[in-house]
2 protein chains.
Amino acid sequence: MRILLVEDEPEMAGALSGALKGYDMVVDHVLTLAQAEEAISADVHRAVLLDRQLPDGDGLGLIPKLRARADGIPIIVLTARGELADRIAGLDHGADDYLAKPFAVEELLARLRAVLRRPAGLQCDLLRVGRLAFDCAHREASVEGRTLELPRRELLVLETLLRRMGRTVLRSSLEEAVYNFDDEIQSNALDTHVSRLRRKLAEVQAGVEIHGIRGVGYLLKQAQ
Amino acid sequence: MRILLVEDEPEMAGALSGALKGYDMVVDHVLTLAQAEEAISADVHRAVLLDRQLPDGDGLGLIPKLRARADGIPIIVLTARGELADRIAGLDHGADDYLAKPFAVEELLARLRAVLRRPAGLQCDLLRVGRLAFDCAHREASVEGRTLELPRRELLVLETLLRRMGRTVLRSSLEEAVYNFDDEIQSNALDTHVSRLRRKLAEVQAGVEIHGIRGVGYLLKQAQ
DNA sequence: GACCGTACATTGCGGCTGCATTGCGGAGCG
DNA sequence: CGCTCCGCAATGCAGCCGCAATGTACGGTC
């Protein structure tokens, strides 16, 4: 675990470095905002401990630049200015946490652990075929990031076919997926939905084909 | 933005509920760990405010169960036990932040904003579509620097749509985001809010359109 | 290979459902 | 006591969806 410490006071920096090393962390210590920017560009740190009062400006100024990298690196601001307004300002500038000096090193370590524990990223289940993507959680289809506005029945058909993509879906299975017990279908309503869906997928060049299999059902596969 | 508040002291709970509502949030308030578990299973909250001293045990016991869900929902622990060891214990149990009573509500709100920003890092603090800007930290919408004064429900609708801008939001998701368990909606109240919001966005030429997708939900996109 | 029956594909049409909009009254708040 | 916000209900309307008619492809049979 490699940490970037931005702190110009030698005494504080020494104490923190020692404590962090005692917890098996690797500390890069810089004294100024300029050095901090250079260090962070190496992209090797898992967190930043940031003092506010630095020789070349307020540490808060660094936060937007860190956030611009969009890697979500945690930032804990350390400062002698512990007034309520300062704490709120620090948090609202984008810091993940804010500690007023003096503080116990143990608390800093605990907050550091808390901030590092955050999930790396939530993985949503996303089905992909051709240029088509289907977000199962939100039940929406998209092509190249552009959402397809599909009516309910067509969406149900597409979802069912996608979940069994590349394999045949019995006509009866499709009907069960699209209609409930109350709905009584006496015609080829399902076929019309498939047809309309095919047209829309073709219009946006989704890169998928829905094959009808005579006497059995349907099958969705990548084009060609 | 919907928050789960786990707090058995009526006074504290009332104060927090009021403050959060003042910041246009939807609050579900429960009194016990058991109720909290049930509420969280609905999977509609963006954050949890957790008291430690509860009728059926220490609030910290809830944290592992929340973490087991692996959705990374932020947890802020609130407690009268403000000793250093307690704070460290709280953070190491998996809390994202820890506040000792008494605390200023403003600081809680700031810390809440900070932890809510997190799954972000990817999602910036300022959302933009068309001429519309939305400041996630302060939860206010503006057009060309001019703030839109929107009522609570409309703001919640707008925020929810903006967070999934360009993608469909299920009608049920919207309802969950805008109303809490206590609210009982029997009519098309949601539609009226969408409608009024549309009108206001059009009046200021926000450059966004809210599409209704029949039978599915809504979708916010840039005009044209 | 020609023929025919059947199942699927496609398209137009009308009913109906579900959404959009508006006015109204009550509730909350200052 | 004024205000605004909010839920509710009524009305109008658009688009979905089921239906049926027509066209088409497939497969089986001779």
Side-chain angles (χ1 to χ4, degrees), chain A residues 141 148-161 168-203 208-220, chain B residues 14-15 17-27 141 147-159 161 168-175 177-203 208-220:
Chain A
L148 294 185
E149 298 183 28
L150 296 175
R152 197 167 99 261
R153 298 250 120 110
E154 292 172 34
L155 196 64
L156 285 166
V157 169
L158 179 60
E159 179 182 13
T160 307
L161 292 175
T168 57
V169 179
L170 296 181
R171 187 181 187 81
S172 58
S173 301
L174 250 189
E175 284 172 352
E176 287 171 6
V178 174
Y179 297 99
N180 63 25
F181 301 118
D182 301 333
D183 297 326
E184 289 191 16
I185 303 306
Q186 301 169 341
S187 73
N188 63 345
L190 184 62
D191 303 60
T192 73
H193 291 302
V194 171
S195 174
R196 289 195 261 255
L197 182 56
R198 269 200 268 242
R199 167 194 291 266
K200 284 172 188 168
L201 291 177
E203 276 174 358
V208 299
E209 292 171 353
I210 298 179
H211 290 264
I213 300 177
R214 191 183 179 87
V216 183
Y218 289 92
L219 179 150
L220 183 146
Chain B
S17 282
L20 292 169
K21 279 185 74 174
Y23 276 82
D24 293 331
M25 293 183 172
V26 177
V27 180
T147 296
L148 290 184
E149 295 184 17
L150 295 174
R152 204 167 71 99
R153 301 284 197 216
E154 292 173 34
L155 188 67
L156 286 164
V157 168
L158 179 60
E159 178 186 15
L161 292 175
T168 56
V169 179
L170 297 182
R171 187 182 187 80
S172 57
S173 301
L174 250 190
E175 284 171 354
V178 174
Y179 297 98
N180 67 23
F181 297 127
D182 298 333
D183 296 327
E184 289 189 19
I185 302 306
Q186 302 169 339
S187 73
N188 61 346
L190 184 62
D191 304 61
T192 72
H193 291 302
V194 171
S195 176
R196 290 196 261 255
L197 181 57
R198 269 200 267 241
R199 167 194 291 266
K200 284 171 189 168
L201 291 176
E203 276 173 358
V208 299
E209 292 172 352
I210 299 178
H211 287 261
I213 302 177
R214 191 185 180 85
V216 181
Y218 290 92
L219 180 152
L220 183 146

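Note that these values count all heavy atoms, side chains included, but never hydrogens, waters or copies made by symmetry. First the proteins, then the strands, lettered A, B, ... as listed; each starts at 1.
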What is the distance, rounded to the nearest whole Å, between atom [atom1] of [X] and atom [atom2] of [N]?
X	N	atom1	atom2	result
D191(A)	dC16(D)	CG	P	19 Å
R199(B)	dT21(C)	CZ	P	9 Å
D24(B)	dC6(D)	CG	P	9 Å
I213(B)	dC19(C)	CD1	C1'	13 Å
L197(B)	dT21(C)	CG	P	11 Å
K200(A)	dG15(D)	NZ	P	11 Å
H211(B)	dA20(C)	NE2	P	11 Å
R152(B)	dC5(D)	CZ	P	12 Å

Return a table of donor-acceptor pairs under 3.5 angstrom between the side chains of residues 168-175 of chain A and protein atoms on other chains or two or more places apart.
| residue | atom | partner | partner atom | Å |
| --- | --- | --- | --- | --- |
| R171(A) | NH2 | D191(A) | OD1 | 2.4 |
| R171(A) | NH2 | D191(A) | OD2 | 3.3 |

Any side-chain N or O of [X] less than 4.0 Å from the OP1 or OP2 oxygen of [N]?
X	N	answer
Q186(B)	dC8(D)	yes
H193(A)	dG18(D)	yes
Y179(A)	dC17(D)	no
R198(B)	dA20(C)	yes
S195(B)	dT21(C)	yes
R171(B)	dG18(C)	no
Y218(B)	dA20(C)	yes

Counterpart residues, side-chain contact (heavy atoms from CB on, under 4.5 Å), relative to [X] (two or more places apart):
X	result
Y23(B)	L109(B), R113(B)
E203(B)	R199(B), K200(B)
A177(B)	T160(B)

Query raised in the report: Are the side chain of R152(B) and the backbone of K21(B) linked by a donor-acceptor contact shorter than 3.5 Å?
Result: no
Query raised in the report: Can any side-chain N or O of N180(B) pair as donor or acceptor with the backbone N or O of V27(B) at less than 3.5 Å?
Result: yes
Query raised in the report: CD1/I213(B) to CG/L155(A) distance, rounded to the nearest 0.5 angstrom?
Result: 9.0 Å
Query raised in the report: What distance separates Y218(B) OH from L190(B) CG, expressed to the nearest 0.5 Å?
Result: 5.5 Å
Query raised in the report: Between residues 154-161 of chain A and DNA chain D, which residues have a heavy-atom gap below 4.0 Å?
Result: none
Query raised in the report: Taking the nucleotide of DNA chain D with the closest heavy atom to each, which residue, N188(B) or D183(B), is nearer the 5' end?
Result: D183(B)
Report summary line: Per atom distances to the A189(A) side chain, the nearest of dC5(D), dC17(D), dG18(D) is dG18(D)
**Report entry** Reading 5' to 3' through nucleotides 24-30 of chain C, protein heavy-atom contacts under 4.0 Å coded B for base, S for sugar-phosphate only, - for none
**Finding:** -------
Requested in this report: Produce a footprint string for nucleotides 23-30 of chain D: one letter per nucleotide, 5' end first; B if the base is under 4.0 Å from any protein heavy atom, S if only the sugar-phosphate is, - if neither.
Outcome: --BBS---
**Report entry** With E149(A) via salt bridge (charged side-chain N to carboxylate O under 4.0 Å, His left out) - residues at least two apart
**Finding:** none
Report task. Tell me, please, which residues at least two apart from R153(B) pass salt bridge (charged side-chain N to carboxylate O under 4.0 Å, His left out). Result -> D183(B)
**Report entry** side-chain hydrogen bond (donor to acceptor under 3.5 Å, both in side chains) partners for R196(A), two or more places apart
**Finding:** T192(A)
Query raised in the report: In chain order, what residues pass the side-chain hydrogen bond (donor to acceptor under 3.5 Å, both in side chains) check against E209(B), with sequence neighbours excluded?
Result: H211(B)
